[in-house]
Amino acid sequence: MRKLIVQRKWSIIECGSRIMLSVSCGEDIANSKIDDKPFITMPIKNGKSIEIEICEEETIVYLSSSTMEVDYTIPAGAENVTLLAKPKYNPMQGNPFIITEIK
């Protein structure tokens, strides 16, 4: 097992949005399904972090709200992973979220 830390950068732009974090996992701890695959889903608040254990297989991370959805695929491996989720201003698309890995 390895650790996944997802940090949601504090932003005035998205401070009122309810963002849900979904991480692919085993059937035994899943509380939702996306495309018939098991996921654990939880809210992530503005400026807060969530730390969970993930398997060493490829893992999919989704962030979603009523106005956007973004995903990130973590490759298989044994090292811990830290991700930063933040809005990126784009006048053509509004303020979509992006997920980047912090090394």
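Count residues from 1 along the sequence.
- Within the 4.5 Å cutoff, the side chain of Phe97 has heavy atoms near those of the Arg8 side chain.
- Heavy atoms from other residues, nucleotides or ligands lying under 6.0 Å from NZ of Lys45 number 12 at most.
- For the pair Ile99 and Leu63, the minimum side-chain heavy-atom distance is below 4.5 Å.
- Atom CD of Glu58 is surrounded by more than 12 heavy atoms from other residues, nucleotides or ligands within 6.0 Å.
- Side-chain contact check for Glu69 versus Tyr62: some heavy-atom pair is nearer than 4.5 Å.
- One distance of note links CG of Asp71 with OG of Ser24; it measures 10.5 Å at 0.5 Å rounding.
- Within the 4.5 Å cutoff, the side chain of Ser22 has no heavy atoms near those of the Ile40 side chain.
- Shortest non-hydrogen contact noted between Pro38 and Ala30 is CB-CB, 3.5 Å.
- At a threshold of 4.5 Å between non-hydrogen side-chain atoms, the residues Val61 and Leu21 count as touching.
- Across all their heavy atoms, Glu57 and Thr59 have their closest contact at O-OG1, 3.1 Å.
- In terms of hydrophobic clustering, with Ile, Leu, Val, Met, Phe, Trp and Tyr side chains grouped at heavy-atom distances under 4.5 Å, Val6 and Val70 are assigned to a common cluster.
- Met42 places none of its side-chain heavy atoms less than 4.5 Å from the side chain of Ile44.
- Within the 3.5 Å criterion, the main-chain N or O of Ile19 finds no donor-acceptor partner in the side chain of Ser65.
- Nearest approach of Thr41 to Ser32, heavy atoms of both residues: OG1-OG, 2.6 Å.
- In terms of hydrophobic clustering, with Ile, Leu, Val, Met, Phe, Trp and Tyr side chains grouped at heavy-atom distances under 4.5 Å, Ile34 and Tyr72 are assigned to different clusters.
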request  = Let me see the working for Ile5 and Asn80 under side-chain contact (heavy atoms from CB on, under 4.5 Å), right down to the final yes or no.
outcome  = CA-CA 8 Å; Ile5 300 170; Asn80 295 336; over 6 Å; no

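- At least one side-chain heavy atom of Val81 sits less than 4.5 Å from a side-chain heavy atom of Arg2.
- Taken from SG in Cys55 to CG in Leu4, the straight-line distance is 10.5 Å, to the nearest 0.5 Å.
- Taking NZ of Lys103 as the reference point, atom CD of Glu79 lies at 8.0 Å (rounded to 0.5 Å).
- From Leu84, atom CG reaches atom CD1 of Ile98 across 7.5 Å, with rounding to the nearest 0.5 Å.
- A salt bridge links Glu51 to Lys3: one of the charged nitrogens lies within less than 4.0 Å of a carboxylate oxygen.
- In this structure, Met20 and Ser64 have side chains that are in contact, with non-hydrogen atoms separated by less than 4.5 Å.
- No option in Thr82, Leu83, Ile74 other than Leu83 meets the side-chain contact (heavy atoms from CB on, under 4.5 Å) test with Glu101.
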